[in-house]
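All values below come from the heavy atoms of this structure, side chains included, with hydrogens, waters and symmetry mates left out. Ligands are counted one by one from 1 in listed order, and the atoms in each one are counted from 1 as well.
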Amino acid sequence: MRLHLLGTAGYHPNEFRDTPCLMLPECGLLLDAGTGMHRLRGLLETRSLDIFLTHAHLDHVVGLTYLLGLLHDRPLERIDVHGEAEKLQALDEHLFSPFLFPVRPAFTWRPLAGPVTLPDGGVVRWFPLKHPGGTIGYRIDWPERSLAYVTDATAEPEASYLAHIRNVDLLVHECFFPDGWEERAAFTGHSCLTPVAQLARQAGVRRLVLVHLNPLARETDPFPAGVQSVRPIFPDTQVGQDGMVIEF
Ligand SMILES: [Zn+2]
Ligand SMILES: [Zn+2]
């Protein structure tokens, strides 16, 4: 299974990174719809798309408006946008207000109720995360592999969501701050480097990729001291880059 990182910055894009969007082309799955959505077109392999939103902050949703142009000459049979009911309602009312974006792309809102089974048999589950306004993380299980996506949350070695990400093959976790910014991280609902690595170890995940990086930090390496400092805690730690393809 291939995971494409289409956007790895938090908050706003910079010269090297777009805002959050992950894609698994083989199963027509997108996680979040940030500015990285513009990279979707060349990767379409399926006749349908399932887009799962973590929350409705603009850096995670603005790309929904891009679908109109991206799919204009490549209409799909089905596009479902999944998320918490109140977040979808807010997007319907505000992001797609005629004053903001007058033409609605052809998708259907799908408020999350129970686990969602993807066309390829993968099962998507979600769990609540603490963040201003609230957000959710996702875990997707296939018979042969598993993936968890946690963004806009504050990692701790014993985080409340640890059980939901336990033993996944690939954990894609946010890491907006380097170490030393713990107070700011807790206040804004984001993570520092070391606690993310500690959590990955505690959860027994196989591999860790960091996303939702601070766009004002150095573009290609947002961690001034690199991630070597956490390799003794969790060896397979990698900084996500836009365009990166991860086989898992
Ligand atoms: Zn964000
Ligand atoms: Zn947010």
Among the N, O or S atoms that His60 has, which is closest to the Zn ion (ligand 1)? NE2

With a cut-off of 2.8 Å, does His57 place any N/O/S atom under that distance from the Zn ion (ligand 1)? no

Intermediate values then yes/no, ring pair (Phe, Tyr, Trp, His ring centres under 6.0 Å), Tyr138 and Tyr149: CA-CA 5 Å; Tyr138 287 103; Tyr149 174 48; 7.3 Å; no

Please give me the minimum heavy-atom distance between Thr237 and Phe234, naming the atom from each residue. OG1-O, 2.6 Å

For the residue pair Phe52 and His82, categorise the inter-ring angle as parallel (less than 30°), tilted (30 to 60°) or perpendicular (more than 60°). parallel

Before giving the answer on side chain to side chain contact (heavy atoms under 4.5 Å, CB included), spell out for Asp141 and Val124 the whole-Å C-alpha distance, their side-chain angles and the decisive distance to 0.1 Å. CA-CA 7 Å; Asp141 288 283; Val124 184; over 6 Å; no

Looking only at N, O or S atoms, find the one in His55 nearest to the Zn ion (ligand 2) and name it. NE2

Could you tell me whether the Zn ion (ligand 2) has an N, O or S atom of Asp59 under 2.8 Å away? no

Connected to Tyr11, directly or through other members, by ILVMFWY side-chain contacts below 4.5 Å are Phe176, Phe177, Trp181

In Asp152, the N/O/S atom nearest the Zn ion (ligand 2) carries the name OD2

Among N, O or S atoms, His131 approaches the Zn ion (ligand 2) most closely through NE2

